[in-house]
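Some notes on the structure that comes next.
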Number of protein chains: 2
Amino acid sequence: MPAWNVLAATCPSRTSLARIANKWTAMAVAVLGNGRLRFGDLKTQLEGISGKVLTETLRDLERDGLVTRHVHAEVPPRVEYELTPLGLTLHEPLLALCRWAEEHIAEVLENRENYDAR
Amino acid sequence: MPAWNVLAATCPSRTSLARIANKWTAMAVAVLGNGRLRFGDLKTQLEGISGKVLTETLRDLERDGLVTRHVHAEVPPRVEYELTPLGLTLHEPLLALCRWAEEHIAEVLENRENYDAR
DNA sequence: CGGAATCCTTTCGGATACTG
DNA sequence: CAGTATCCGAAAGGATTCCG
């Protein structure tokens with residue numbers, strides 16, 4: 001196996017980093033860590049996300065094997081999304097990012113004010 | 001202090017999440033964790049980044065107080081960037097993301113193949 | 001309900017040229 | 001060297017409509 005390195009422009013690992021280092025991905029994986037959720041509930045929790053973007057985000061996560069899609073043969077349809085074992089290994093790191101943003105936003109806002117005042 | 005929550009559409013913490021949950025930010029903070037670096041060296045290490053984007057990324061990080069900019073009064077100019085104490089608290093989480101991408105890319109690539117084969 | 005399709009606007013990000 | 005300014009194409013992402 002090659003020495004994967006996100007710093008190398010053509011290394012495939014960078015495509016994976018680009019996908020996980022993303023606002024919506026972080027929020028989705030953080031929320032899905034609490035258990036499987038149906039599309040509509042996820043959309044409600046990720047306040048402000050459009051249906052299109054949520055669909056694309058989930059499809060990408062499914063393609064990379066981070067999320068499984070459970071389709072129930074009902075009408076109206078019910079589709080649930082759940083983290084795979086691989087996706088679970090990302091839950092803590094991405095939840096940590098969300099927490100960081102929440103825990104440090106006060107300081108960040110202050111820094112922005114100081115910066116903009118110059 | 002309010003209950004900051006990245007899931008809330010208008011919560012300021014989401015603007016911070018959007019900035020740190022980003023490919024170039026993750027790579028820059030990961031690299032800067034090894035110590036201060038001048039602009040050109042950073043640009044070399046973040047293979048493929050354009051000068052414009054690196055400048056913008058660093059200015060945003062500086063504005064949020066994650067990075068300090070050291071300008072040396074020399075000619076040709078020498079400018080170095082360094083993580084602040086606040087930025088240092090992000091180093092481990094973001095380095096973890098880079099590492100995750102490198103460590104799991106083989107599995108991810110396999111998952112993509114399987115998915116695309118359908 | 002969970003999308004897919006379409007349209008449109010905004011943002012991202014690269015290339016180039018120029019400057020202190 | 002480390003930017004800044006400008007231009008442009010590509011991609012992200014929202015709104016709306018329609019369908020099984």
Side-chain angles (χ1 to χ4, degrees), chain A residues 6-10 14-28 31-32 36-64 67-82 115-116 118, chain B residues 6-10 14-28 31-32 36-64 67-82 115-116 118:
Chain A
V6 294
L7 295 179
T10 59
R14 190 182 280 189
T15 69
S16 185
L17 176 64
R19 198 150 279 159
I20 65 180
N22 166 279
K23 181 181 70 173
W24 294 126
T25 296
M27 291 172 60
V31 165
L32 285 174
R36 65 162 66 180
L37 268 181
R38 54 192 299 180
F39 185 87
D41 292 338
L42 206 39
K43 186 171 186 308
T44 301
Q45 295 214 33
L46 272 43
E47 219 179 79
I49 196 172
S50 68
K52 178 194 168 190
V53 171
L54 180 54
T55 297
E56 288 170 352
T57 301
L58 289 171
R59 195 189 323 117
D60 285 344
L61 292 177
E62 190 194 0
R63 189 169 98 102
D64 283 6
V67 155
T68 39
R69 187 165 172 270
H70 303 277
V71 184
H72 300 267
E74 303 172 6
V75 50
R78 185 168 105 252
V79 179
E80 294 179 315
Y81 291 89
E82 185 179 18
Y115 183 93
D116 294 343
R118 292 179 295 120
Chain B
V6 293
L7 295 179
T10 61
R14 191 184 278 190
T15 69
S16 185
L17 176 63
R19 198 150 279 159
I20 65 180
N22 166 279
K23 180 182 70 173
W24 293 125
T25 297
M27 290 172 61
V31 164
L32 286 174
R36 67 163 64 181
L37 268 181
R38 54 192 300 179
F39 184 87
D41 292 338
L42 206 39
K43 186 171 186 307
T44 301
Q45 294 215 34
L46 272 44
E47 217 180 80
I49 196 172
S50 69
K52 177 194 170 191
V53 170
L54 180 54
T55 298
E56 288 170 352
T57 301
L58 290 171
R59 196 191 321 119
D60 285 344
L61 292 177
E62 190 193 0
R63 189 169 98 103
D64 283 7
V67 153
T68 40
R69 187 166 173 270
H70 304 278
V71 184
H72 299 269
E74 304 172 6
V75 48
R78 185 167 107 250
V79 181
E80 295 180 314
Y81 292 89
E82 186 179 18
Y115 183 92
D116 294 343
R118 291 180 296 120

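In the text below, chain A, chain B and the rest are named by the order of the sequence lines, each starting its count at 1.
For the pair A/Arg38 CZ and C/dG2 C1', the computed distance is 9 Å after rounding to whole Å. Atom-to-atom, NE2 of B/His72 to C1' of D/dA2 comes out at 13 Å; the value is rounded to the nearest Å. When the P atom of C/dC1 is taken as reference, atom OH of A/Tyr81 falls 15 Å away, rounded to whole Å. The CZ-P distance, from A/Phe39 to D/dG20, rounds to 18 Å in whole Å. When the P atom of C/dG13 is taken as reference, atom CG of B/Leu58 falls 14 Å away, rounded to whole Å. We find that CD of B/Glu74 is positioned 13 Å from C1' of D/dA2, with the value rounded to whole Å.
Every residue meeting the side-chain hydrogen bond (donor to acceptor under 3.5 Å, both in side chains) condition with B/Thr15, not counting sequence neighbours, appears here in chain and number order: A/Arg112.
At D/dG3, one or more side-chain N or O atoms of B/Arg69 fall inside 4.0 Å of OP1 or OP2 (strictly under the cut-off). Look at A/Arg59 and you won't find any side-chain N or O under 4.0 angstrom from OP1 or OP2 of C/dG3. Dashed line: the shortest gap from a side-chain N or O of B/Arg78 to OP1 or OP2 of D/dA2 is not under 4.0 Å.
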Give me the distances for all protein-to-nucleotides 17-20 of chain C N/O pairs that come in under 3.5 Å?
none

* Could you encode protein contacts along nucleotides 9-19 of chain D as a string, one character per nucleotide from 5' to 3', using B for base contact, S for sugar-phosphate-only contact and - for no contact, with a heavy-atom cut-off of under 4.0 Å? => ----BBB----

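Residue contacts for A/Gly40: at a heavy-atom cut-off of 4.0 Å it reaches the sugar-phosphate backbone alone, with no base atom in range.
Five base pairs at each end of the helix from C/dC1-D/dG20 to C/dG20-D/dC1 define two local axes, and these are offset by 50° (rounded to 10°).
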List the atom pairs, donor and acceptor, that lie under 3.5 Å between side-chain atoms in residues 53-63 of chain B and the rest of the protein, sequence neighbours left out.
| residue | atom | partner | partner atom | Å |
| --- | --- | --- | --- | --- |
| B/Thr55 | OG1 | B/Gly51 | O | 2.9 |
| B/Thr57 | OG1 | B/Val53 | O | 2.8 |
| B/Arg63 | NH1 | A/Asp116 | OD1 | 3.0 |
| B/Arg63 | NH1 | A/Asp116 | OD2 | 2.4 |

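Legend: salt bridge (charged side-chain N to carboxylate O under 4.0 Å, His left out) pairs involving residues 36-50 of chain A, not counting sequence neighbours, sorted by first then second residue: A/Arg36-A/Glu80, A/Arg36-A/Glu82.
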